[in-house]
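Notes follow the structure.
Side chains are part of it too, since the values below use all heavy atoms of this structure and drop only hydrogens, waters and symmetry mates. Only a predicted model underlies this, so the values are computations on that prediction, with no experimental measurement involved. The sequence lines fix the lettering, A, B, ..., with proteins before strands; numbering per chain opens at 1.
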Amino acid sequence: MGALNIRNVRKSYGPTEILKGIDIEIEAGEFLILVGPSGCGKSTLLSMIAGLDVPTSGTISIGERDVTYLPSKDRDIAMVFQSYALYPNMTVAENIAFGLEMRKVPKAQREEAVQRVARMLQIGHLLERKPGALSGGQRQRVAMGRALARDPKLFLFDEPLSNLDAKLRVEMRAEIKLLHQRTKTTTVYVTHDQVEAMTLGDRIAVMKDGVVQQFGTPDDIYSRPATKFVAEFIGSPAMNMVTAQRAGAGLVAHGVELALDDGQRSALAGVRGEVIYGLRPENLTFADSGLPGTLVMIEPTGPETYVSVDTAAGQMTARVPGHFRQQVGERVHLQWSPVHAHLFDAASEKRVG
Amino acid sequence: MGALNIRNVRKSYGPTEILKGIDIEIEAGEFLILVGPSGCGKSTLLSMIAGLDVPTSGTISIGERDVTYLPSKDRDIAMVFQSYALYPNMTVAENIAFGLEMRKVPKAQREEAVQRVARMLQIGHLLERKPGALSGGQRQRVAMGRALARDPKLFLFDEPLSNLDAKLRVEMRAEIKLLHQRTKTTTVYVTHDQVEAMTLGDRIAVMKDGVVQQFGTPDDIYSRPATKFVAEFIGSPAMNMVTAQRAGAGLVAHGVELALDDGQRSALAGVRGEVIYGLRPENLTFADSGLPGTLVMIEPTGPETYVSVDTAAGQMTARVPGHFRQQVGERVHLQWSPVHAHLFDAASEKRVG
Amino acid sequence: GEVEVLHWWTSGGEAKAASALKATLQAKGHTWKDFAVAGGGGDSAMTVLKSRVVSGNSPAAAQIKGPGLQEWAKEGVLANIDGVAKAEKWDAVLPKVVSDVMKYKGNYIAAPVNVHRVNWLWANPEAFKKAGAKVPTNWDEFFAAADKLKAAGIIPVAHGGQNWQDFTTFESVALGVGGADFYKKALVQLDAGTINGPVMLKVLETFKKVKGYTDKNAPGRDWNLATAMVIKGEAGMQLMGDWAKGEFIAAGKTPGKDFVCVAAPGTAKSFTFNVDSFAMFKLKNEANVKAQNDLAAAIMAPEFQETFNLNKGSIPVRLGMNLDKFDDCAKLSAKDFVDTAKANSLVPSVAHGMAVPPAAEGAIKDVVSQFWNTDAMSAKDAQVKLAAAAKTK
Amino acid sequence: MLTTSLKDMDQVRAGSLLSLPTSPTLDAWRKAWSSACTGTDCGGLQPFFWNSILMAVPAVMISTLIGSLNGYVLSKWKFKGSELMFALMLFGVFMPMQVVLLPMSQVLGWFGIASSLTGLITVHVIAGIPSTTLFFRNYYIGLPDELIKAATLDGAGFWQIFRRIVLPLSVPIMVVTLIWQFTNIWNDFLYGVVFSGADSKPITVGLNNLANTSSTVKEYNVDMAAAMIAALPTLFVYVVAGKYFVRGLTAGAVKG
Amino acid sequence: MSTTAPPAARAMRTPWLPKLVVAPSFALSLFFIYGLILWNGYLSLSASRLLPNYEFVGIEQYLLLWESERFRVALTNMAIFGFLFIGGALAVGLLLAVLLDQKIRAEGVLRTVYLYPMAISFIVTGTAWKWILNPGLGLEHLMQQWGFTGFTFDWLVNPDKAIYCVAIAGVWQSAGFVMALFLAALRGIDDSIIKAAQVDGASLPRIYWRIVLPSLRPVFFSTLMVVSHLAIKSFDLVMALTNGGPGFATDLPATFMYTMAFTRGQIGQGAAAATVMLMLVAAIVVPYLYSELRSNKK
Ligand SMILES: Nc1ncnc2c1ncn2[C@@H]1O[C@H](COP(=O)(O)OP(=O)(O)OP(=O)(O)O)[C@@H](O)[C@H]1O
Ligand SMILES: Nc1ncnc2c1ncn2[C@@H]1O[C@H](COP(=O)(O)OP(=O)(O)OP(=O)(O)O)[C@@H](O)[C@H]1O
Ligand SMILES: [Mg+2]
Ligand SMILES: [Mg+2]
């Protein structure tokens, strides 16, 4: 088990710089979640941690040891590749056991490990198949199995559950959590699933274009997004953003006065220029008074419904539990409490207050 | 544009039967969602619709035409493969334009189409790259682009958004919806994302082990799941299921009397043996009275929190908006309204009432 | 001791003949390591020989003939076998023309095996009878006969497609048209004046005229298939060395009756010879040198000369042998050999590498073949090219 | 060819080459195999045949193995200069074999393996390396790099990746290389005749000696039978090895 | 790979083992290929005749070569033959490979049948083709017997055309192997991209042309190399079929060289021919090699 320390790591492919100085440090046994838009460099970072690629500059240490140039096989890392990278010539069982075999684990123990992960991943009946005869989700689970069979210093997961159905995903997520609680192996986990990110991670690093935008606990990230980008990126549907002008100590957008509390008011004192006023859809409620608007879209997702409303301050989406009884075209009023508002400086896009 | 008609399609690989008689019929222009656990045969069904594989028995028609044995290239279908299957030797632009080129679309028009989908998928800056130099999500978008560039009779999407981040996914989902509203092209869409399934689909087919379990509108599927499997499979966290015994006209589980309304009572009249009583997490609320229990796990996901409670009737998960203030170990009471209960015959697992 | 012998007598009669030699040596207590490499009239064998010599691993004896012997001797790798030659009185039993070839700077370096006569004409009497022609003795008669054969629907001249076959015909024409002296001057000494002279032009014209009497499928044909055409009567005659006889005999034909052998037109008084010989290489091991000497002696011994040549169709190189067991063609050949040797009209065959060094030989053959095969090439052109080729060193 | 080899000599001489044998006989085959003369020895092709096997099997194995190793390194373990190295090696493909005969024999002479089976095997291996390397390298280029990465992560070293991942995926190209090398080595005449010893001569030399007569009667039936015998092992290799042209080796390996 | 990796990075990416593995073959090829090219180059400047000899004579051998009509014929033939043979073998081989790739039942048999020409000794091949191409025995004869009396096919015996016959026979002999190489590569391709192309509406020929073959590029490169190698070295083929004839109309540099060096005892001349040939090959191959390896890097 070792802490992971990434210092000022840069990576270029030819002229384009993919990673622009990444700094991340986690404690031994922590569970780090990497999130960020497609193509921001998550997989690239993972493969440098794994030793499959070398940074153009910067260092990576695991525990006390600088591993930047250490060959992959000496790092004792297990990884789930985004592209699976299954050995097509081996059966599922052999794929899973390969890493153990290479580390000279006795046969009996290997078989036991295979059985264990096969049970965990529900692929017991597929053990004798070759990857070519598996479905997409089954392949992904084999890729997982290959990593989980081992007991490495560091786990790297690159979107390991993306091709699984929701039910299986919940189960797998629970298994991973359990495993982590038991073994306390330091883990880096890339995901696009907010639930995974929020429930699994001790810490989350939100990346964008090769730069870490915010690095903190899940709660930090969700309730105190450091930048407009993080605020919009985390949470689905995305946070509603209203560009507002200063009007005295308050804020006005398209003639609508936006509610603020005292803390926010004082924080705003130092900001020149426009301010972005953000509200998460789940913090909007429908009431008899408040910001008036017209219903433009109603999307039921089952347990809740996403409702889009056209208001004077722009289109806003609200997330309401259960069914929504009103019809598109009806007039409604939106309400919220100022504590839920997130404020960003429009110029720097940094959080205010 | 053509309706799709799948009649008693079976498929075996050697001795194992993968599809066990699939019957699905949709109208021209409809949007069909296929969901089901990993390995249930969704991709296999798609590849038979696409003409990449022939059913062992049964027929598939598009429009009025039986296409069961028609070669793929004559079916005028566009498909997004779960494994992407990008042409490694071509650039992104060439990949996207290839299908048009094969249909002898003039060059100018092809380029226009490439530009259009590149904009839509936000891959404009990648057009000259080869797939090998793309990130996972970028590859997936190229795979999408290849399909979207065309104007086929039928779209087939096999988990086209699984590797995208939530934000992009929402945008893509909106684009797909828009495209479908505009072109009204019949579409079959495999997904594991409940929001996609519920918001995009006109109809959903829930498959399990090569059999269609339920085929209906999203609302049907969610609010009136036909089987215990569908009920558990759709919705996250999954529906809480309590096995209950008949006690007079009512139901009892581990000594707890379960609330029923009149309709349910009369429907239960015909059932012998045990009954399964299902409650969705979002229908459970915390109150001062009701079913008592102990908090065992609290998982905040951001907009809401999943709370697991140990009760006399078994462990139940509730989904509550926002933060949850109580601590693990505290005593709580769960309440719900009987209208939200789903009842299934424990023997046949079919819905009751 | 041990003798390793490199040769290309690999099949049928030849192999049997070589075995006789092997038996003789084994009788003397030596071991015989056979190194047979067939193909291309010894081309492959030469390649092997060279690399063996280069790797410092020479065989005891190798089948080398004509001026090639001199070239090898010049490289300083051949052994002096005067000892054996003296003891066996080779000078006395070999015609000078032959023994000269076997010597380098006056010392014997090789032992001759046999003599082939190259300037033979083989004819099918049946065919001639049918055409009402008679077997020719000079080139005018040859063309007259050829015309008649042609008229009778018989291919007049059977011919094959290697450059040595072309040249066999050419040298017979040269000898027949120009005579022995011309032949020596032009083709042995490569005298520029003679080559550029009018006689050569006539030779070339005559030669090209013969082409007209062959069939167009000749290129690429093996000589023995050409012989088979004569045997079957598809063709009337063939200009070929005495090895052709083997084909006739193997087909159950009797000389004089089913086929006739006569000297090529106009060459009855001359003899182009092709002598096979074994060059002896320098060896380090004493015992092997002894064996090598025994080999040389055995080759020249009358018993071997008889067995071998009976099998091969040629005649013994050793003069004054009893030829009772030989057939009429061989007897005629042997008689002519002695006579022409005296008359100084015994000439070496260019086609078979007896006359000029390989480089020049190759160049000349190239020209002749090209001339033969290129219808558009005039005799004059060929003459010019020939002269140039003769200068090749 | 087959028909001719089944004829007897009389029929060969009499008939057209394309006619069918009137009384098929295996005599020619028997003779070619065990009693035809190839010089002063009349043991047929039999000894040559075994020599060839002794030579071809190790030479093919060694050169194929070396080729696949080289290909593996040059495609999956590239280093500075490896491309240049490959290009330099590749140029060897164009070396006319005639050019090397003499110097090669000199070198073999130095090492004391001239005119021996070992020497011949060495020559064939050296001559084969450029093409086998070429085949494997260019095939391996197409294997997904991710597989190598995954295996490194799993703790596999250079050799283990080769043995466990790369080799199993090279079956088709292995077949091709085996076919190529076997055919070349089995049918090679020039090296065989030059570098072999008196008693290690390969079958081509035997066949050549048997079929090429400078001045005696040709036995076409025996020649043909001999040629057939000489060509049988290659047929065998083709049929056996050809089975392993399996399909879709990398199916399911990666997404993309 | 990035170009600016620090030295240690390179060290990590290339442990010594892989280098060690290729080192022997590399040393061997350096020694035997380049050592021998140099040796040969020197010989070409020497007076070597029967055996190698190191007396220096300058460029005399090249002058002789320049004047040699036979060598010029050989070079011209090389060009014609090389072009036809390489083109033909690639085209036919590729076609066969694609046909065999269609999951046909008799694949095993056909594959062997196609490959087999390569296996048969040139002695037999030569004889067979001589029959077929010989006007009096083979094709022409047959066609005329069938009543096509106007049919003539006398290329083999026509000095101007014989080289085409050699090319035909050459293609026949090596197409099978080309097929095997391509087939191997085809078998290594993941089916899924072919499926994607089917869905995209490409017909089978188009799929091969646009998708499959381009991804065979590296293998195409191997094949081209091997086929050109065969072309340059087609020694046996010429020897068996025409022996360089009629005359020396079908001489190729390889046969020329062999004849000079070994039959005629003009090693210097042969060496000069070899050098000229190698230089010509280098002039064509080196740029191709360069571009191919360049583009593979990406
Ligand atoms: N070639 C094959 N041979 C045998 N079984 C196969 C083959 N291909 C697929 N299968 C099996 O068929 C079943 C259905 O596969 P399919 O790919 O249709 O699943 P899916 O519903 O798409 O699953 P996922 O959501 O994981 O992609 C799986 O259990 C798989 O293991
Ligand atoms: N070989 C390469 N050459 C050039 N650019 C590359 C190469 N590989 C990746 N990239 C680029 O580097 C960027 C980062 O890629 P990476 O795979 O790390 O993204 P990611 O964050 O994992 O994205 P995703 O969520 O889509 O998987 C992408 O924009 C990609 O296009
Ligand atoms: Mg990625
Ligand atoms: Mg699937």
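Ion pairing between a basic and an acidic side chain is recognised when a charged N comes within 4.0 Å of a carboxylate O; D:Asp154 and A:Arg150 show such pairing.
Between D:Arg164 and A:Met90 the shortest heavy-atom distance is O-CE, 3.7 Å. Summarising the geometry of A:Pro88 relative to D:Leu147, their closest heavy-atom pair is CD-CD1, 3.7 Å, with the distance given to 0.1 Å. Closest approach of D:Gly155 to A:Lys73, counting heavy atoms only: CA-CB, 3.8 Å. Nearest heavy atom pair, residue A:Phe98 against residue D:Ile165, reads CZ-CD1, 4.1 Å. Minimum heavy-atom separation, D:Ala150 to A:Ala85: CB-O, 3.7 Å.
Only the side chain of A:Glu101 comes within contact range of chain D, with at least one heavy atom under 4.5 Å from a heavy atom of that chain. Contacts of A:Phe81 with chain D are made by side-chain atoms alone, with heavy-atom separations under 4.5 Å and no backbone atom involved.
More than 12 heavy atoms of other residues, nucleotides or ligands sit less than 6.0 Å from atom CZ of A:Arg116.
Summarising the geometry, atom CG belonging to A:Asp74 is positioned 11.0 Å from atom OG1 belonging to D:Thr152; distances are rounded to the nearest 0.5 Å. With rounding to the nearest 0.5 angstrom, the CG atom of A:Leu52 is 10.0 Å from the CD atom of D:Glu146.
The side-chain heavy atoms of A:Arg75 and D:Leu153, taken from C-beta on, include no pair separated by under 4.5 Å.
Considering only heavy-atom pairs separated by less than 4.5 Å from chain D, the leading option among A:Asp76, A:Asn89, A:Asn95, A:Leu134 is A:Asn89.
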